[in-house]
Amino acid sequence: MFPKRLSDGYQAFLSGRFHNERIRYEQLGELGQSPEILLIGCCDSRVSPEVIFDAGPGEMFVIRNVANLVPPYEREAESSSYHGTSAAIEFAVNALDVKHIVVLGHASCGGVRAVFDDVEPLTKIDFVGKWVSQIVPVADSLPRTGDRAIDVQRLEWAVVGHSLANLMTFPSIRARVEQGKLELHGAYFGVATGLLFLRDPATGEFSPCPSR
Ligand SMILES: [Zn+2]
């Protein structure tokens, strides 16, 4: 049975947001999408990008995966794997011609913690373990202070930097960035605090998003 929570939510959407933004939806349906922002975030149910950034329909092209990771560029011919995240990135950059890419990390990320704590695989196949193993060299490169909260947050921030660095391994992204047609940004959502931090590209440090 379809969850009642969803059918109720849909009715609320239909009479609320869809009703109020009907023209916008009609235009998007007829003309197609042309978002200027690609956002790469975590699957975590607490970190919905459209909610955090108050985004309307058609404004953000969103990719969500465990721990907001971007794998390094890899030509399909060189690998037998499927590349869901890379395919979506390629579409957003090459077909939609987005102007900004935002990698959004967040507090208490389960995928990052799994690496930090070196947890046992979930299953024999363990897709999560393989996926987040990309973070292991990042974790190994960070000196630990011994303060767990600080060390986990440092790793969560470093993972955002890691994904941004991997974005630059995509030739079409590098070319657009160097031509000034595309900007990359790192951000981090505090969940419990509601605070948004922005990454300084020069230092890799995060600081609170200035309020207007
Ligand atoms: Zn997460």
Side-chain angles (χ1 to χ4, degrees), residues 38-53 60-74 78-90 92 101-170 184-201 203-209:
L38 162 61
L39 189 138
I40 301 167
C42 183
C43 298
D44 193 300
S45 58
R46 300 163 296 179
V47 191
S48 175
E50 292 88 343
V51 173
I52 295 168
F53 294 106
M60 284 199 303
F61 189 87
V62 176
I63 302 169
R64 295 176 73 171
N65 62 40
V66 173
N68 40 267
L69 287 169
V70 174
Y73 178 78
E74 193 174 36
E78 297 169 353
S79 165
S80 59
S81 303
Y82 293 102
H83 296 282
T85 293
S86 299
I89 290 169
E90 179 182 57
I101 303 179
V102 178
V103 176
L104 178 66
H106 71 97
S108 61
C109 181
V112 173
R113 281 189 184 182
V115 171
F116 186 87
D117 293 328
D118 194 20
V119 298
E120 292 292 312
L122 293 173
T123 64
K124 280 185 180 172
I125 300 170
D126 194 30
F127 294 108
V128 176
K130 167 75 173 161
W131 177 249
V132 298
S133 69
Q134 304 172 57
I135 303 173
V136 172
V138 181
D140 290 346
S141 70
L142 287 178
R144 293 197 180 186
T145 66
D147 183 320
R148 179 179 168 81
I150 290 173
D151 289 342
V152 169
Q153 187 179 62
R154 278 189 180 176
L155 181 55
E156 288 164 346
W157 286 357
V159 166
V160 173
H162 171 77
S163 287
L164 289 166
N166 277 349
L167 281 171
M168 288 295 280
T169 66
F170 286 66
L184 309 188
H185 313 273
Y188 178 90
F189 181 60
V191 185
T193 62
L195 286 174
L196 183 75
F197 295 82
L198 303 183
R199 182 179 184 272
D200 182 330
T203 65
E205 297 294 320
F206 285 73
S207 54
C209 180

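Index from 1, following the sequence. Reckoned from all heavy atoms, side chains included, excluding hydrogens, waters and symmetry mates.
Side-chain atoms of Arg199 and Leu164, non-hydrogen and from C-beta on, do get closer than 4.5 Å to each other. The shortest distance between side-chain heavy atoms of Met60 and Val102 does not fall below 4.5 Å. At a threshold of 4.5 Å between non-hydrogen side-chain atoms, the residues Val115 and Val138 do not count as touching.
Here CD1 of Ile40 is found 9.0 Å from CG of Leu184. Values are rounded to the nearest 0.5 Å. Here CD1 of Ile63 is found 4.5 Å from CG of Leu38. Values are rounded to the nearest 0.5 Å. Atom CG of residue Leu104 and atom CZ of residue Phe197 lie 12.5 Å apart, to the nearest 0.5 angstrom. In this structure, Leu198 CG and Tyr188 OH are separated by 13.5 Å, a value rounded to the nearest 0.5 Å. Between the CG atom in Leu167 and the CD1 atom in Ile101 there is a gap of 5.0 Å [rounded to 0.5 Å].
Partners of Ala114 by side-chain contact (heavy atoms from CB on, under 4.5 Å), not counting sequence neighbours, listed by chain and number: Val119. In terms of the side chain to side chain donor-acceptor pair (under 3.5 Å) criterion, Ser133 has no residue partners (sequence neighbours excluded). Considering only residues two or more places apart in sequence or on other chains, Phe206 meets the ring pair (Phe, Tyr, Trp, His ring centres under 6.0 Å) condition with Trp157. Every residue two or more places apart in sequence or in another chain that forms a side-chain contact (heavy atoms from CB on, under 4.5 Å) with Ser86 is listed here: Pro71, His83, Phe170.
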Working for side chain to side chain contact (heavy atoms under 4.5 Å, CB included), residues Glu156 and Phe116: CA-CA 10 Å; Glu156 288 164 346; Phe116 186 87; over 6 Å; no
Check against side chain to side chain contact (heavy atoms under 4.5 Å, CB included), Leu69 and Thr85: CA-CA 8 Å; Leu69 287 169; Thr85 293; over 6 Å; no
Trace of the side chain to side chain contact (heavy atoms under 4.5 Å, CB included) decision for Val66 with Phe127: CA-CA 10 Å; Val66 173; Phe127 294 108; over 6 Å; no
Side chain to side chain contact (heavy atoms under 4.5 Å, CB included) assessment of Asp44 paired with Val191: CA-CA 10 Å; Asp44 193 300; Val191 185; over 6 Å; no
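A donor-acceptor contact shorter than 3.5 Å links the side chain of Gln134 to the backbone of Trp131. With Ser163 contributing its side chain and Val160 its backbone, the two residues share no donor-acceptor pair below 3.5 Å. Between the side chain of Arg64 and the backbone N or O of Val47, at least one donor-acceptor pair lies under 3.5 Å.
Contact record, Ala88 with Phe61: O-CE2, 3.6 Å, taken as the closest heavy-atom pair. Closest approach of Ser141 and Pro143 over heavy atoms only: O-CD, 3.6 Å. The two atoms that bring Leu39 and Pro49 nearest to each other are CD2-CG, 3.4 Å, heavy atoms only.
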Less than 3.5 Å apart, which donor and acceptor atoms pair up between the side chains of residues 105-113 and the rest of the protein, not counting sequence neighbours?
from: Ser108; atom 1: OG; to: Arg46; atom 2: NH1; distance (Å): 3.2
from: Ser108; atom 1: OG; to: Arg46; atom 2: NH2; distance (Å): 3.4

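The list of salt bridge (Lys or Arg N to Asp or Glu O under 4.0 Å) pairs with a residue in residues 136-152, not counting sequence neighbours, reads Asp117-Arg148.
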